[in-house]
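To keep things clear, I will list the structure first and then write my remarks on it.
It should be emphasised that the depicted structure is a prediction, and the values quoted were computed from it without experimental measurement. All heavy atoms count here, side chains included; hydrogens, waters and symmetry mates do not.
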Amino acid sequence: MSLSSQDPLPSYAAHWRSAAASRALPGAGPVFFRSYTVPLFDGSTLELPLRVLPTGDKAIALLMSNQTSFTVEDALAPLMTQAAASLQPEVIAAVPTMGLDYARLVARGLGMADYVALGHSRKFWYDEDLSEAATSGTSTKGKRVYLDPALVERVRGKRVVLVDDVINTGVSALSAIRLLERAGAQVVGLTVVLSEGHQWRKVLAELGPQWQARVKALGHIPMFEAADGGWKPMADTL
């Protein structure tokens, strides 16, 4: 089927509202149709569009960090910085690819001179030993995550906090943590805009029971199932 024969998706839009504006919002659901409003830890909210999964019977509240407005990014970055600061990092590292923008902003917000960008693209000088297999929850193909050998000294022996936009399966985070630890980093936590569902808890438990508390999320989103012409949160993902 060609793209022209499909119903076009509406333009992507996410909206942030202050705590004061959020208090004036009407009560939520139980059934949602086009969007879902996420409460954040400071009382503000983030409204996200719902996207139907390929199976057609489930949907997700979609945060596409590289498609949000600067207004949303500017509102979320200080909250991410506050969450990361509670973990007392010496270095901020980014889980690719959606964590790159927030990691840079968090590092600057903490007064750091730089940050560490992990990546999926293998440059010719990279060492395959400084890589891990990784497949994110929204990816359809297998990937590897790489650490540039030139950045090893930036993380070795340092308290590192990873930054990403969303944690769902936990696979990308687990790969990044293992990679940095093999490079000699002390990975002390992960800061994300949103946690999604709870599958990530079991995956990160491979690193030890302490890791659930090391994930600092601004808010939480469930998965959704079809109901009454719309979508309702799945109880086990709330």
Side-chain angles (χ1 to χ4, degrees), residues 41 63 65-66 73-136 143-195 200-201 203-219:
F41 76 84
L63 175 63
S65 293
N66 60 354
E73 186 177 82
D74 290 346
L76 296 179
L79 301 180
M80 294 284 283
T81 302
Q82 181 181 341
S86 70
L87 296 163
Q88 300 180 308
E90 296 175 282
V91 176
I92 294 296
V95 180
T97 54
M98 295 300 187
L100 294 171
D101 282 348
Y102 284 115
R104 180 178 58 81
L105 293 170
V106 168
R108 295 192 70 175
L110 291 172
M112 296 178 177
D114 50 39
Y115 78 112
V116 171
L118 302 180
H120 291 307
S121 175
R122 189 185 191 282
K123 311 305 181 187
F124 70 85
W125 65 89
Y126 280 16
D127 184 342
E128 198 67 23
D129 288 340
L130 285 174
S131 72
E132 286 279 342
T135 301
S136 73
K143 297 179 180 179
R144 296 194 71 80
V145 61
Y146 292 91
L147 172 64
D148 189 327
L151 298 180
V152 170
E153 290 305 313
R154 200 176 282 186
V155 301
R156 180 176 289 151
K158 301 293 180 61
R159 290 175 59 88
V160 176
V161 168
L162 279 159
V163 171
D164 204 356
D165 63 341
V166 178
I167 183 169
N168 41 44
T169 66
V171 173
S172 293
L174 178 65
S175 300
I177 292 165
R178 284 178 167 165
L179 174 57
L180 287 167
E181 288 183 339
R182 285 199 292 105
Q186 181 188 358
V187 186
V188 296
L190 170 68
T191 300
V192 296
V193 179
L194 300 171
S195 56
W200 61 271
R201 296 179 183 274
V203 171
L204 291 193
E206 295 180 23
L207 299 170
Q210 75 279 6
W211 260 95
Q212 286 195 26
R214 291 184 180 181
V215 176
K216 306 296 183 182
L218 307 188

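Tested against R144, the residues S175, S131, S121 include a single side-chain contact (heavy atoms from CB on, under 4.5 Å) partner, S131.
Interatomic distance, OH of Y102 versus OG of S65, reported as 4.0 Å (0.5 Å rounding). Between L147 atom CG and Y126 atom OH the span is 8.0 Å, to the nearest 0.5 Å. Separating the CG atom in D114 from the CD1 atom in I92 is a distance of 11.0 Å, to the nearest 0.5 Å. Distance CG/D164 to CG/L100: 9.0 Å, rounded to 0.5 Å. Distance check, rounded to the nearest 0.5 Å: NZ of K143 to OG1 of T97 gives 5.5 Å. The line from CD of E73 to CG of D165 is 11.0 Å long, rounded to the nearest 0.5 Å.
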Just do the side-chain contact (heavy atoms from CB on, under 4.5 Å) check on L105 and L76 with the steps written out, would you? CA-CA 10 Å; L105 293 170; L76 296 179; over 6 Å; no
Run the salt bridge (Lys or Arg N to Asp or Glu O under 4.0 Å) test on E153 and R156 for me, step by step, so that the C-alpha distance in whole Å, both residues' side-chain angles and the decisive distance to 0.1 Å come before the verdict. CA-CA 5 Å; E153 290 305 313; R156 180 176 289 151; 2.3 Å; yes
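Contact annotation: the side chain of W125 approaches that of D148 to within less than 4.5 Å [non-hydrogen atoms, C-beta and beyond]. Put simply, the side chain of V187 reaches to within 4.5 Å of the side chain of L162, judged on heavy atoms. The closest side-chain heavy-atom distance from L204 to Q212 is not below 4.5 Å. By the 4.5 Å heavy-atom criterion applied to side chains, I177 and L190 are not counted as neighbours. In this structure, V160 and V116 have side chains that are not in contact, with every pair of non-hydrogen atoms separated by 4.5 Å or more. Under the 4.5 Å side-chain criterion, counting only non-hydrogen atoms from C-beta, P89 is in contact with M112. Looking at heavy atoms from C-beta onward, V166 lies out of side-chain contact with V192 at the 4.5 angstrom threshold. Annotation: side chain of E90 is not in contact with side chain of Q186 (no heavy-atom distance under 4.5 Å).
Smallest separation of non-hydrogen atoms from V95 and A176: CG2-CB, 4.2 Å. Across all non-hydrogen atoms, the minimal contact from L110 to A84 is CD1-CB, 4.4 Å. When all heavy atoms are compared, the tightest approach of V152 to A183 is CG1-O, 3.9 Å. Nearest approach of L63 to L194, heavy atoms of both residues: CD2-CD1, 4.2 Å. Residues P149 and L130 come closest through the heavy atom pair CA-CD1, 3.8 Å. The two residues Y146 and H120 make their nearest non-hydrogen contact at CE1-O, 3.7 Å.
The neighbour count for R214 CZ, taken as heavy atoms of other residues, nucleotides or ligands under 6.0 Å away, is above 12.
Side-chain atoms of R159 come within 3.5 Å of backbone atoms of Q88 as a donor-acceptor pair (strictly under, hydrogens ignored). No donor-acceptor pair under 3.5 Å is formed between the side chain of R201 and the backbone N or O of G170. Side chain of R154 to main chain of Y115: a donor-acceptor pair is present (N/O by atom type, distance under 3.5 Å, no hydrogens or angles).
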